Amino acid sequence: MKEKRSPSQLEACWKEEDMSGGRRVDAMVVILRTSGCCWVRHGGCTMCGYREASLQSVSAEGLLKQLDQALAKYKGEPFVKIYTSGSFLDDNEVPPEVRAKFFEAFADCERILFESRPEFITPESLEGVPGNVTVALGLESSDPAVLETSVHKGFTPEDIRVAGTLLKERGLMVRTYLLLKPPFMTEAMGIEDAVRSARFADPFSDEISVNPLNVQRGTYVERLWKRGEFRSPWIWSLIEVFKQLSGTVESRLMSSPSGGGAARGVHNCGECDRRALDAIEKFSFTQNPEDLEVECKCRDRWRAYMESERILGTPADLDRDLENDLMLRM
Ligand code: SF4
Ligand SMILES: [Zn+2]
């Protein structure tokens, strides 16, 4: 039986490291329970499993109780990230008076980060937002057709550009998320799309976080994945994106892949996954492309995989097809 979740209980809270003011610092991550992303009611994005994390309704009182729980765990970390599985600036999800309490509680923090869809980023909604805020924007791809058909994002890249520019004009920081390898793309198309999208986002971003697609439960992408029509990207592809971008954009490049090394997440051969993910983590802090140098025999397999995809003209999971073929022949 599914555990009954209280609307006044934090979803999760943990500590990690991130950057602030050019230094590596401790960060507290707070995941709030809210009513969830408004876009889920329109079907949501094809890769997003956040509907699982949202409740029907969470009152202002419930959210303030969650703030108290977060404060009880707060040990003065310079960076606090507040995630809601939706948009912190959506009044229906987080009422303005609750937002004000959060800003007040973490006023002395060097940096606060939250996420928002662009439609909630307006001159009015930014009025009470303090200068220590970074807004994370889920651009995913700068290709309007990819956003519309493959991601089903419900806004355009231009909407994100306008929102990002407004945030910068207000003196706030912007972290832009890109999705590496949305569905229906080959590995090579995914790399090209992420590189192009980063160049699009660079003028209005301080940081660009590349998120390789991680297959989440109950999503459209999971259905494709189960049918062998999607393979999560190779870690080599993520490394390739950073190698192509390094030194050519102003924004800090970063990635902290969820599900890295697992079949549902970004992965290589299994033997080198940890090393490759560590290299990416290191690069996310140092920005030194030399930190991306990793060796493994499967690098050739990745190249051959991309070549096969090109010849066959398919983004299907070729590894899995090959395994199935071998099974049938056995
Ligand atoms: S990816 Fe973001 S915008 Fe899309 S459904 Fe999930 S929370 Fe909403
Ligand atoms: Zn390997």
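Bear in mind that the values here come from a model prediction, so they are computed numbers and not experimental data. Counting convention: from 1, in listed order, for ligands and their atoms alike.
Annotation: the span from D90 atom CG to S116 atom OG amounts to 7.5 Å, rounded to 0.5 Å. In this structure, CD in E140 is found 11.5 Å from OG in S142, a value given to the nearest 0.5 Å. Note: D273 CG to C298 SG = 7.0 Å, rounded to the nearest 0.5 Å.
Legend: residues meeting side chain to side chain donor-acceptor pair (under 3.5 Å) with S125, ordered by chain and number and at least two apart, are T122. In this structure, W225 has no side chain to side chain donor-acceptor pair (under 3.5 Å) partners at least two apart in sequence or on a different chain.
Protein N/O/S atoms found under 2.8 Å from atom 4 (Fe) of ligand 1: C45 SG.
Summarising the hydrophobic clusters (Ile, Leu, Val, Met, Phe, Trp, Tyr; side-chain heavy atoms under 4.5 Å, direct or chained), the residues clustered with W14 are V25, V29, I31, F79, Y83, L113, Y177.
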